[in-house]
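These numbers come from the heavy atoms of this one structure, side chains and all, not from hydrogens, waters or symmetry mates. Remember, it's 1-based here, ligands and their atoms both numbered in the order they're listed.
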Amino acid sequence: MNKVTVRDIVKLKGERKIVMVTAYDYPTSKIVDEAGVDIILVGDSLAMVVLGYPTTHGATMVDMVRHTEAVARAKPKALIVGDMPFGSYEEGPSKALKSAIAFVKAGAEAVKLEGGSEYADRVKALVNAGIPVMGHIGLTPQRYLKYGGYKPRGRRVEEARQLILDAEALQEAGAFSIVIEFTAAEIAGLITRRLQIPTICIGSGPDCDGQVLVIHDILGLSEHTPPFAKKYVDLRKIIMEAISTYAREVREGVFPGPEHTIVRLKEPLKPEELQEEVKS
Ligand code: KIV
């Protein structure tokens, strides 16, 4: 049971596909780690799937650090990547470094930040300080205001060219891998072949070095599952059935049954006598 490091992840390029999944808490991290994923991403998708915000802008450094700590307490073998939330790195390299250090102190072994060549100086500053960085290009949900929503990327030549330049700038700045989200599969494949570092894709086709999904989408717990995600189980239905059975059994007096009624008086005493004693 060796701990997965960023070097192991880079070495997987061309060897086998890399598996990344999001997790935000202790018990889930234990499970996904036991299932054998390579990377646990404490994604800022936390804001939407756990905290109920309409966009990822809801995630703060306080939220992200707290949840990174919870994941780290599970002591996973998988690499822990903390996702830098909106507002934690845009101002400049020194703010980015301060935020990234907080992630490392919380137990992250790398951080991810959204953006291309315009953020290469942040990536360089973090890598120089010894903090491994995962890039994130294509659809970058934190920039939904700029792009007018959550639209696919790289379908036109000019945009595709910019994505290739962004990927190369991130690699040049020292990123150890890059997430490519909701991008034309041909372009994600092209970038994957051009780079020495692994690409990890979501909604960008099969020709990448790895894949990532939000765990709530895999488990069927999301309110809206994106069309590129695969629901492997309908946990919402399973939870609904379990909770409604529990509610019915409580209402009908079926639960707790004798096997769950485990605390009994040690001394022979009739409750009525006890009532008398309390009165006097
Ligand atoms: O926050 C997140 O879950 C992500 C993945 C979709 C890559 O950034």
(Q) Below the 3.5 angstrom mark, is there an N/O of E114, backbone or side chain, next to an N/O of ligand 1? (A) no
Q: Just jot down the ligand 1 atoms closer than 4.0 angstrom to any heavy atom of V214, in number order.
A: 3 (O)
Q. What do we get for T22 next to ligand 1 when only non-hydrogen atoms under 4.0 Å count, side chain, backbone, both or neither?
A. side chain
Q: Run the numbers on H57 and L145 for side chain to side chain contact (heavy atoms under 4.5 Å, CB included), then give the verdict.
A: CA-CA 11 Å; H57 283 185; L145 291 172; 4.1 Å; yes
Q: Would you kindly confirm whether L97 and V65 end up in one hydrophobic cluster when ILVMFWY residues are joined by side chain heavy atoms under 4.5 Å apart?
A: yes
Q: Consider every N or O of Y24 and every N or O of ligand 1, then say whether any pair is closer than 3.5 Å.
A: no
Q | ligand 1 N/O within reach of K112 N/O, cut-off under 3.5 Å | A | yes
Q | Verdict with reasoning, T55 to Y150, per side chain to side chain contact (heavy atoms under 4.5 Å, CB included) | A | CA-CA 11 Å; T55 74; Y150 303 98; 3.7 Å; yes
Q.
So which atom in A70 and which in D25 form the shortest heavy-atom distance, rounded to 0.1 Å?
A. CB-CA, 4.1 Å
Q) Counting heavy atoms only, which of A23, S45, P85 is nearest atom 3 (O) of ligand 1? A) S45
Q: Identify, by atom number and element, the atoms of ligand 1 in contact range of H136, meaning under 4.0 Å from any of its heavy atoms.
A: 8 (O)
Q) When you look for heavy atoms under 4.0 Å from ligand 1, do you find them on the side chain of I202, its backbone, both, or neither? A) side chain
Q. Got more than 12 heavy atoms from elsewhere within 6.0 Å of CZ, R194?
A. no
Q: For ligand 1, indicate whether the residue L46 contacts it via side chain, backbone, both or neither (heavy-atom separation under 4.0 Å).
A: neither
Q. Can a non-hydrogen atom of M20 be found less than 4.0 Å from any atom of ligand 1?
A. no
(Q) Any salt bridge linking E158 with R161? Criterion: basic side-chain nitrogen under 4.0 Å from a carboxylate oxygen. (A) yes
**Q.** Cationic N near anionic O, under 4.0 Å, R193 to D209
**A.** no
Q | E90/R143 ion pair, N-O < 4.0 Å | A | yes
Q) Nearest to atom 7 (C) of ligand 1, what protein heavy atom do you find, and at what distance? A) L41 CD2, 3.8 Å
Q: Pull out every atom of ligand 1 sitting under 4.0 Å from any heavy atom of D83, numbered as shown with elements.
A: 1 (O), 2 (C), 8 (O)
